[in-house]
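Both counts, for ligands and for their atoms, begin at 1 and track the order of listing.
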Amino acid sequence: MVQGTVNWNTQVDREWLQEYVDDWVAFYRKVTVEGNVASYIPELAKADPNHLGISILGKNGTAVRSGDVDQAFTIQSISKVLSFIIACVEKGVGYVLDRVDVEPTGEAFNSIMHLEMKSLNKPFNPFVNAGALTVTSMLNGNTPEEKLAPILELLEKIIGYRPVINEQVFRSEFETSARNRAIGYYLLETGFLESDLELTLDTYFRQCSIEITVDDLAKIGLILANDGEDPNNEEEIIPRQVARITKALMLTCGMYDASGKFATYVGIPAKSGVSGGILALAPPRVRNTQFPFIEGCGIGVFGPALEERGNSIAGIKLLKHIASQWDLSIF
Ligand SMILES: NC(=O)CC[C@H](N)C(=O)O
């Protein structure tokens, strides 16, 4: 089903576009058997590994959706994009980047080892857990609700409704949080945390448990694709400088220690989460205008079967295929 009008300006009509994407989703759904759903958060292990869905949203409601698009899932690490944006808005970019670096780690997202192994004067980047916990600790507020309110307000502005926090997933992560607690205690000991540790962890687990859909991710992606502006009415939703830094971080650090490969073989900014979501985007293009979504698009993917790094196995392959078919790479 296509929503809105497809602003397709050349030979292929919108049914063809839909058929292509349906075929690609059906093909890559077979790849899901090669991955595994995350189980270190027990509640996430209940996901159906065969699920695969994608939503692509361009300007003026141009859209293609295919597969399990109505399946809600928790945002997990994709929330690190939002907490980083809000911290930059609240504290200023300089303040945040003085306290969290912008370098890829080459290590797993929840690695503890690299914190001590490499001479460190601040966590490597806001998209690994150490950096994300530091960013969450910077958010204004003395309760998880106060800290999360601006994130939920930003989301509401972009997706059109106030998302809920999935309490089961939150509880499940809270009760099995030894590793994130270990990272948190390390950050506490080294003086990085700006809020109480329990408040920081509680807020972080809640932000990871915000429930969204692929359509919501596509809407976020579209705003980022346009440097923080809504392309339909030119309203600034995210400050331009913050949006651009966020995209640079997504490209270099968004897919954990698979970020280099993703940049090389797919070539668009993206951020994944262990529930199987991927937030991706393609900026407006000036070349190759015969392809779809030349005015830029946001892309949301959901496929809970993960590869060994923690990214959706079928989602990555589907994005790679679409990026090559439609020449989406920014390089
Ligand atoms: N990669 C992820 O999505 C990780 C998020 C998860 N809540 C964690 O901290 O472990």
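Using a 4.0 Å heavy-atom cutoff, N110 is absent from the residues neighbouring ligand 1. At a 4.0 Å cut-off, at least one heavy atom of Y204 sits close enough to ligand 1 to count as contact.
With no hydrogens or angles considered, no side-chain donor-acceptor pair links E43 and S172 at under 3.5 Å. Defined by atom type and a distance below 3.5 Å, a donor-acceptor pair is missing between the side-chain atoms of Y40 and N110. Inspection of the Y256 and S77 side chains reveals an N or O donor paired with an N or O acceptor under 3.5 Å.
Counting heavy atoms closer than 4.0 Å to ligand 1, residue E173 contributes side-chain atoms (C-beta onward) but none from N, CA, C or O. The residue I78 has no part lying near ligand 1, judged by heavy-atom distances below 4.0 Å.
Geometric assessment of R309 against the ring of F109 yields a negative cation-pi assignment under the 6.0 Å and 45° thresholds. Under a cutoff of 6.0 Å and an axis angle of 45°, R206 and F170 form a cation-pi pair.
Listed by atom number, the atoms of ligand 1 under 4.0 Å from N129 heavy atoms are 8 (C), 9 (O), 10 (O). Residue G273 has at least one heavy-atom neighbour below 4.0 Å for each of these atoms of ligand 1: 3 (O).
Below 3.5 Å of separation, one finds an N or O of N180 facing an N or O of ligand 1. Of the N or O atoms in V274, one or more lie within a sub-3.5 Å distance of an N or O in ligand 1. Looking at S272 next to ligand 1, no N or O pair under 3.5 Å apart turns up.
Under the 4.5 Å side-chain criterion, counting only non-hydrogen atoms from C-beta, V169 is not in contact with F205.
Distance from atom 10 (O) of ligand 1 to its nearest protein heavy atom, with residue and atom name: Y40 OH, 2.5 Å. In this structure, the protein non-hydrogen atom closest to atom 1 (N) of ligand 1 is Y256 OH, 2.5 Å.
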Counting only pairs under 3.5 Å, give me each side-chain donor-acceptor contact of residues 48-57, with atom names and distances, residues two or more places apart or in other chains.
{"from": "D48", "atom 1": "OD1", "to": "N50", "atom 2": "N", "distance (Å)": "2.8"}
{"from": "S55", "atom 1": "OG", "to": "D215", "atom 2": "OD1", "distance (Å)": "2.7"}

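Using a 4.0 Å cut-off between charged side-chain N and carboxylate O, K91 and D98 make no salt bridge.
Around atom 2 (C) of ligand 1, the closest heavy atom drawn from S77, C208, S209, A38 belongs to S77.
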